[in-house]
**Q** 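Take a look at the following structure, please.
Order of the sequence lines fixes the chain letters, A, B, ..., with proteins taken first and strands second; residue numbering starts at 1 for each chain.
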Number of protein chains: 2
Amino acid sequence: MLSFNGFAAVDGIPIYIQIVRFVKRNIVSGVTVNGDEAPSRRVLSALLGVNPNTVQKAYRILEEEGLLSSHTGAKSYIEVKPESVARIRRELLEDAAATVVKDLKEMGLTKEDALALIETHWT
Amino acid sequence: MLSFNGFAAVDGIPIYIQIVRFVKRNIVSGVTVNGDEAPSRRVLSALLGVNPNTVQKAYRILEEEGLLSSHTGAKSYIEVKPESVARIRRELLEDAAATVVKDLKEMGLTKEDALALIETHWT
DNA sequence: CCAACTGTATTATATCAGTAATACGCTTTG
DNA sequence: CAAAGCGTATTACTGATATAATACAGTTGG
């Protein structure tokens, strides 16, 4: 079962986007694998304290990206094809790297400053 | 004059928040210093292609944080007290570091993976 | 079988970000 | 002084996010 342990919503970013990202990251990390059962819309919405429609919005995006298989009446399952993982992994890493590099450079940090910062903040 | 060269808005995050962050980062980096003239609401809004009210929202926040001095009819100026810089610097760095560490760990990266990623993406 | 659960759809409402148009009073500059 | 530019305020509108209440059809387990 796909677990949402460790999911902590940040405000300012739409919840459904955060759900999508969380699932993608867990696929990339290998925590979530092909065939994993996804919690139902109703169950997850109750767990996260959001509306079922918000979860549905996230699930629909995952389905459109070929990462989730849904059929009326039946449970939903994570669907991970190897090529998807490579694509998503590249996508997420590029994005995270580009963002942090842009942010830290804008603050005038050198590469060494940046590396040291990550080093000391890695828990 | 406070320059917005290098400002590139990302979608998904409110523009006024991005303006505030951009100014703060430029203060932290020393590019923007005490007494720098800020572009008027109308000029900056035209430059960024957004509504004057959006810029006003950002400027109001900067003013409330003691980083901008505005008076009806007159130009606005950046107001940087040394203690502000230290505070903002700490604030922004902690935030950037915490975010990237959280993101990369969620994708299953080790500290070494993360450092290598930053290293190769630093331009 | 059938009740419980599933995915899916619809409609209504509230809030917020951002746009748009306009107005007013103050400061600065030629 | 007067015009241009400035900060500030107000109102109305759109679109996106999210909630809420239902409803319906398909699947599944006891």
Side-chain angles (χ1 to χ4, degrees), chain A residues 1-4 7-24 32 34-80, chain B residues 1-4 7-24 32 34-80:
Chain A
M1 169 71 86
L2 200 167
S3 161
F4 276 77
F7 180 88
V10 170
D11 71 25
I13 303 168
I15 306 276
Y16 75 95
I17 297 287
Q18 299 189 51
I19 294 174
V20 170
R21 276 210 295 243
F22 185 83
V23 173
K24 284 185 177 179
T32 297
N34 188 57
D36 273 3
E37 182 185 328
S40 81
R41 278 73 167 162
R42 289 171 179 84
V43 166
L44 182 55
S45 67
L47 186 65
L48 302 182
V50 302
N51 192 276
N53 296 335
T54 302
V55 175
Q56 166 63 3
K57 202 166 193 173
Y59 276 20
R60 168 170 303 242
I61 291 174
L62 289 170
E63 196 179 357
E64 282 167 357
E65 294 201 37
L67 301 173
L68 187 76
S69 155
S70 300
H71 299 289
T72 298
K75 292 176 176 174
S76 298
Y77 296 93
I78 295 294
E79 203 174 32
V80 181
Chain B
M1 167 70 85
L2 200 167
S3 160
F4 276 77
F7 180 87
V10 170
D11 71 26
I13 302 168
I15 305 276
Y16 75 96
I17 297 286
Q18 298 190 51
I19 294 173
V20 169
R21 277 211 292 242
F22 186 82
V23 173
K24 283 185 176 180
T32 298
N34 188 56
D36 274 2
E37 182 185 328
S40 81
R41 278 73 166 161
R42 289 171 180 82
V43 166
L44 182 55
S45 66
L47 186 65
L48 302 182
V50 302
N51 192 275
N53 295 334
T54 302
V55 175
Q56 166 64 3
K57 203 165 192 173
Y59 276 20
R60 170 172 301 245
I61 292 174
L62 289 170
E63 196 178 358
E64 282 167 356
E65 295 202 36
L67 301 172
L68 187 76
S69 154
S70 300
H71 299 290
T72 298
K75 293 175 176 174
S76 298
Y77 297 93
I78 294 294
E79 202 174 34
V80 181

**Q** Could you tell me the separation between the CD1 atom of B/Ile61 and the C1' atom of C/dC16, rounded to a whole number of Å?
**A** 13 Å

**Q** On DNA chain D, does the nearest nucleotide to A/Gly73 precede the nearest nucleotide to B/Gly73 from the 5' side, or the other way round? Give the residue.
**A**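 Closest to the 5' end, via its nearest nucleotide, is B/Gly73.
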
**Q** Parallel, tilted or perpendicular: which describes the rings of B/Phe7 and B/Phe22, with under 30° parallel and over 60° perpendicular?
**A** perpendicular

**Q** Are any of A/Lys75's side-chain N or O atoms less than 4.0 Å away from OP1 or OP2 of C/dG7?
**A** no

**Q** To the nearest Å, how far apart are A/Ile13 CD1 and D/dA16 P?
**A**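 Those two atoms, CD1 and P, are 18 Å apart.
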
**Q** Look at all strands and tell whether A/Tyr16 reaches a base, only sugar-phosphate, or nothing, counting heavy atoms closer than 4.0 Å.
**A** sugar-phosphate

**Q** Give a yes/no on whether any side-chain N or O of A/Arg60 is located under 4.0 angstrom from OP1 or OP2 of C/dA9.
**A**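 It does, given that an N or O in the side chain of A/Arg60 lies less than 4.0 Å from OP1 or OP2 of C/dA9.
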
**Q** Check the phosphate of C/dT19 against B/Thr54, side-chain N and O only, distance under 4.0 Å to OP1 or OP2. Yes or no?
**A** yes

**Q** I want to confirm an ordering. Mapping B/Ser76 and A/Val50 to their closest nucleotides on DNA chain D, which one lands closer to the 5' end?
**A** B/Ser76

**Q** I want to check one thing: is the phosphate of C/dG7, taken as OP1 and OP2, less than 4.0 Å away from some side-chain N or O of A/Gln56?
**A**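 For A/Gln56, the contact criterion (side-chain N or O under 4.0 Å from OP1 or OP2 of C/dG7) is not met.
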
**Q** Please tell me if the side chains of A/Tyr59 and A/Val23 come closer than 4.5 Å, counting only heavy atoms from C-beta onward.
**A** no

**Q** For B/Arg41 and C/dG18, what is the distance between atoms CZ and C1' respectively, to the nearest whole Å?
**A** 17 Å

**Q** Tell me which of B/Ile15 and A/His71 sits closer to the 5' end of DNA chain C, going by the nucleotide each one is nearest to.
**A** A/His71

**Q** Ignoring hydrogens and geometry beyond distance, is the side chain of B/Asn51 in donor-acceptor contact with the base of C/dA20 at under 3.5 Å?
**A** yes

**Q** Would you say that A/His71 contacts A/Ser69 through its side chain, given a criterion of any heavy-atom pair below 4.5 Å between the two side chains?
**A** yes

**Q** Can you find an N or O donor on one side and an acceptor on the other, under 3.5 Å apart, linking the side chain of A/Arg42 with the base of C/dG7?
**A** yes

**Q** Does B/Ser40 place a side-chain N or O at less than 4.0 Å from the phosphate oxygens OP1/OP2 of D/dC6?
**A**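 For B/Ser40, the contact criterion (side-chain N or O under 4.0 Å from OP1 or OP2 of D/dC6) is met.
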
